[in-house]
There are 2 protein chains.
Amino acid sequence: MRFTRERAEILRGSCSAGGHFVVEALAKRVGVSVATVYRNLPLMVEAGIIRRTVDTPDGRGAYEHVWGREHHDHLVCVRCGEVVEFHFTALEVLQEHVAQEHGFALMDHRMELLGLCPRCQEEET
Amino acid sequence: MRFTRERAEILRGSCSAGGHFVVEALAKRVGVSVATVYRNLPLMVEAGIIRRTVDTPDGRGAYEHVWGREHHDHLVCVRCGEVVEFHFTALEVLQEHVAQEHGFALMDHRMELLGLCPRCQEEET
DNA sequence: GTATCTGCAAAACTTTTGCTTATTT
DNA sequence: AAATAAGCAAAAGTTTTGCAGATAC
């Protein structure tokens, strides 16, 4: 496993822009081909540096950089698309509880809360 | 908004097979073109009859029928893909709490717990 | 009868892959 | 030097769309 310029760029690029990205934009931003990004993403996901999120309403894969960051989940505004990160330990404790109740060994989770952000609620008049 | 044979088939078909489906399979099963399924899904999602889930590890859109069913979320086995539905009110209460804390008007959520199902844990020897 | 819907085939996109050239070690 | 990685371009998939013919109302 080599440490190439492209991999360095992908890592660096995935940190900026709030850590959230879609493949095409990232590739363009850091000047690496999409093929290379697509080939490397699974490795980085495997390595725990990046994880796949579910943020895009359209079908595109969205990812985020999680290297050295606290785990968090997302609040997403269904109107304007704003994404707010949150972390709430009690939720995770209950998730663990549910998993155990069903005999599952919990490894990860994905959670998105969908609603209207404060700004869009006002415009909702 | 007309009630066509195709729409009836899509609704009927979305109930069977455990209520979970991907578009191509549903279309084939009920004998309706994929184009028609794709055109109708958004309407049915809007109507609250169907919702988009996140079950497929590959990029395909997965859906489930939720008409008259209790709300639930999913435990997914990362090895064999088994899906178990669960509902745990306390989790939802906390989600509402988190949303309010950020000023969001919560409308929906998606949650998947990923882990190893009991059977795959045994084989994990 | 007319407005709405369906199916087909083409188009638009996203993601994967084969192969050649470049680069890391 | 050898083995791995990148880029390009083609391929494989999924989802969307234009249009002609069919259908519900």
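Proteins get letters first, then strands, A, B, ... in listed order; numbering begins at 1 in each.
For the pair Arg7(A) CZ and dA22(C) P, the interatomic distance rounds to 19 Å; values are reported in whole Å. Across the protein-nucleic acid pair, Phe3(A) atom CZ and dA6(D) atom P stand 11 Å apart, rounded to whole Å. dA5(D) atom C1' lies 11 Å from atom CG of Leu43(A), rounded to whole Å. The separation between Ile10(A) atom CD1 and dG7(D) atom C1' is 12 Å, rounded to whole Å. Atom CG in Leu11(B) sits roughly 14 Å away from atom P in dC5(C) (whole-Å rounding). Glu9(A) places its CD atom 15 Å from the C1' atom of dT23(C), with the value rounded to the nearest Å. Counting to the nearest Å, the P atom of dT15(C) and the CG atom of Leu41(A) are 9 Å from each other. One can place CZ of Arg39(B) at 12 Å from C1' of dA9(C), the figure rounded to the nearest angstrom.
For Met1(A), the listed nucleotide lying nearest its side chain is dA5(D); candidates were dG7(C), dA5(D), dA6(D). Distances from the side chain of Ala35(B) to the nucleotides dC25(D), dG7(C), dT14(C) place dG7(C) closest. Looking at the side chain of Asn40(B), the nearest of the listed nucleotides dA6(D), dT6(C), dG7(C) is dT6(C).
To the nearest 0.5 Å, atoms OG (Ser16(A)) and CG (Leu26(A)) are separated by 8.0 Å.
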Trace of the salt bridge (Lys or Arg N to Asp or Glu O under 4.0 Å) decision for Glu6(A) with Arg39(A): CA-CA 11 Å; Glu6(A) 287 79 4; Arg39(A) 270 197 269 245; over 6 Å; no
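Panel note: side chain Arg51(A), backbone Val66(A); no donor-acceptor pair is recorded below 3.5 Å.
Side-chain atoms of His109(B) and Gln95(B) include a donor-acceptor pair closer than 3.5 Å.
If you check distances only, the side chain of Arg2(B) does reach the base of dA3(C) with a donor-acceptor pair under 3.5 Å.
Contact annotation for Val34(B): no contact, since no heavy-atom pair falls under 4.0 Å across all strands.
Put simply, Thr4(A) has no side-chain N or O that comes within less than 4.0 Å of OP1 or OP2 on dT23(C).
In this structure, Arg119(B) places its CZ atom where only 12 or fewer heavy-atom neighbours from other residues, nucleotides or ligands lie under 6.0 Å away.
Across the interface with DNA chain D, nearest-nucleotide mapping of Glu24(B) and Arg5(A) shows Arg5(A) to be the residue nearer the 5′ end.
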